[in-house]
Amino acid sequence: MNITAIYPGTFDPVTNGHLDIIARAARLYHKVIVAVAVNSNKTPLFDIAQRVELLEQVSTEFTNVVIIGFDNLLVDCAREQGANVVLRGLRAISDFEYEFQLAGMNRRLSPELETMFLTPAEQYEFISSSMIKEIARLGGDVSEFVPDNVLQRLIEKFNRG
Ligand code: ADP
């Protein structure tokens with residue numbers, strides 16, 4: 001059976017933790033669709049086009065990975081894309097409760113869609129996009145935690161004020 005995984009998230013911005021999950025997924029699944037949520041609830045630091053572009057730049061080495069933006073229900077987007085697995089990254093116990101609820105709700109909405117979890121290498125376990133933004137905003141060095149293209153964009157953003 002051909003397995004296509006959809007990996008949804010905000011990716012504002014993509015971090016080395018997300019990239020670790022994408023690399024693992026690219027080895028496991030036939031196709032991986034990284035689905036960037038427009039997420040109208042919060043104002044993102046990077047708009048949807050920029051988040052997609054940054055992800056495209058860092059995933060060129062993976063021939064079976066594609067990046068899309070989406071603003072509809074995840075289960076509908078998965079169906080349109082022909083995905084049979086929803087992939088999520090799990091960092092620590094703190095992620096578990098929300099992820100468990102999300103997986104349960106998605107199963108109710110679309111019973112044939114399975115949710116699968118991957119954990120990152122331990123050096124990425126504590127990285128979150130929100131913490132990266134906060135550190136960068138306050139002038140801290142985030143070069144260990146994000147790919148170079150993201151680092152450049154963060155520097156440009158926060159140096160301009
Ligand atoms: P969301 O806003 O939906 O949490 P994110 O962009 O933060 O989306 O993350 C997308 C997915 O990647 C989520 O499943 C999240 O748990 C996972 N993720 C985020 N950071 C990491 C990390 N450092 N290591 C592994 N998975 C991560």
Side-chain angles (χ1 to χ4, degrees), residues 3-29 31-59 62 64-78 81 83-107 109-110 113-137 140-151 153-154 157:
I3 301 186
T4 295
I6 188 163
Y7 177 35
T10 312
F11 303 101
D12 185 39
V14 57
T15 68
N16 289 341
H18 295 127
L19 264 184
D20 180 273
I21 298 294
I22 292 170
R24 288 169 200 282
R27 291 196 292 270
L28 273 176
Y29 302 107
K31 185 174 171 189
V32 179
I33 299 160
V34 182
V36 185
V38 170
N39 200 347
S40 44
N41 294 336
K42 324 183 233 187
T43 310
L45 182 62
F46 295 102
D47 68 27
I48 182 82
Q50 291 173 318
R51 284 179 276 146
V52 167
E53 187 192 2
L54 290 168
L55 269 157
E56 275 170 348
Q57 289 167 350
V58 295
S59 41
F62 310 112
N64 58 342
V65 173
V66 295
I67 319 295
I68 63 165
F70 77 108
D71 64 359
N72 56 343
L73 205 55
L74 175 63
V75 294
D76 291 336
C77 178
Q81 296 292 327
N84 30 23
V85 161
V86 174
L87 175 67
R88 295 286 287 175
L90 259 193
R91 281 161 295 192
I93 314 265
S94 52
D95 278 342
F96 182 79
E97 194 170 340
Y98 174 70
E99 293 296 336
F100 189 78
Q101 195 180 5
L102 188 66
M105 185 54 85
N106 283 333
R107 175 170 283 162
L109 294 172
S110 182
L113 192 63
E114 295 294 346
T115 298
M116 297 181 80
F117 298 99
L118 287 174
T119 55
E122 62 185 356
Q123 69 266 34
Y124 303 125
E125 267 172 8
F126 55 89
I127 302 176
S128 71
S129 296
S130 54
M131 211 176 271
I132 296 301
K133 283 183 282 191
E134 189 63 4
I135 297 166
R137 191 176 66 80
D141 177 9
V142 294
S143 55
E144 288 182 59
F145 312 123
V146 293
D148 286 343
N149 62 341
V150 171
L151 183 66
R153 293 294 264 276
L154 285 170
K157 257 212 154 107

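Counting starts at 1 for both ligands and their atoms, following the listed order.
Between the side chain of Arg24 and the backbone N or O of Pro120, no donor-acceptor pair lies under 3.5 Å. For the pair Arg51 (side chain) and Asp12 (backbone), a donor-acceptor distance under 3.5 Å is absent. Proximity of a side-chain donor or acceptor of Asn16 to a complementary backbone N or O of Glu144 within less than 3.5 Å is detected.
Of the polar atoms of Phe11, at least one N or O is found under 3.5 Å from an N or O of ligand 1, judged by distance alone. For Tyr7, a nitrogen or oxygen atom sits less than 3.5 Å from a nitrogen or oxygen atom of ligand 1, counting backbone and side chain alike. Inclusion of Leu90 in the set of residues having an N or O under 3.5 Å from an N or O of ligand 1 is not warranted. Taking any N or O of Tyr124, backbone or side chain, at least one lies under 3.5 Å from an N or O belonging to ligand 1.
Of all the listed residues (Arg24, Gln123, Arg88), Arg88 holds the heavy atom that lies closest to atom 3 (O) of ligand 1.
Counting atoms of ligand 1 from 1 in the listed order, those under 4.0 Å from a heavy atom of Ile21 are 25 (C), 26 (N). Residue-ligand proximity, Pro8 to ligand 1, at heavy-atom distances under 4.0 Å covers atoms 10 (C), 11 (C). Every atom of ligand 1 with a heavy atom of Gly89 under 4.0 Å away is listed here by number and element: 14 (O), 15 (C), 16 (O), 17 (C), 26 (N).
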Would Tyr7 and Ile21 count as a side chain to side chain contact (heavy atoms under 4.5 Å, CB included) here? Give the steps.
CA-CA 9 Å; Tyr7 177 35; Ile21 298 294; 3.8 Å; yes
Please step through side chain to side chain contact (heavy atoms under 4.5 Å, CB included) for the pair Val150 and Thr15, ending with a clear verdict.
CA-CA 8 Å; Val150 171; Thr15 68; over 6 Å; no
Could you walk me through whether Ile68 and Cys77 pass the side chain to side chain contact (heavy atoms under 4.5 Å, CB included) check?
CA-CA 10 Å; Ile68 63 165; Cys77 178; 3.8 Å; yes
Go through Tyr29 and Ile6 one step at a time and tell me if the side chain to side chain contact (heavy atoms under 4.5 Å, CB included) criterion holds.
CA-CA 10 Å; Tyr29 302 107; Ile6 188 163; over 6 Å; no
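Of the protein's non-hydrogen atoms, the one nearest atom 9 (O) of ligand 1 is His18 NE2, 3.2 Å. In terms of protein heavy atoms, atom 1 (P) of ligand 1 is closest to Thr10 OG1, 3.8 Å. Protein heavy atom at the shortest distance from atom 21 (C) of ligand 1 is Arg91 CD, 3.5 Å. Nearest to atom 25 (C) of ligand 1 among the protein's heavy atoms is Pro120 CG, 3.4 Å.
At least one heavy atom of Glu99 sits closer than 4.0 Å to an atom of ligand 1. Put simply, no part of Ala37 is less than 4.0 Å from ligand 1, judged by heavy atoms.
Partners of Phe96 under the ring-ring contact (aromatic ring centres under 6.0 Å, His included) rule, at least two apart in sequence or in another chain, are Phe100. Residues meeting the side chain to side chain contact (heavy atoms under 4.5 Å, CB included) test with Thr4, sequence neighbours left out: Lys31, Ile33, Ala83, Asn84.
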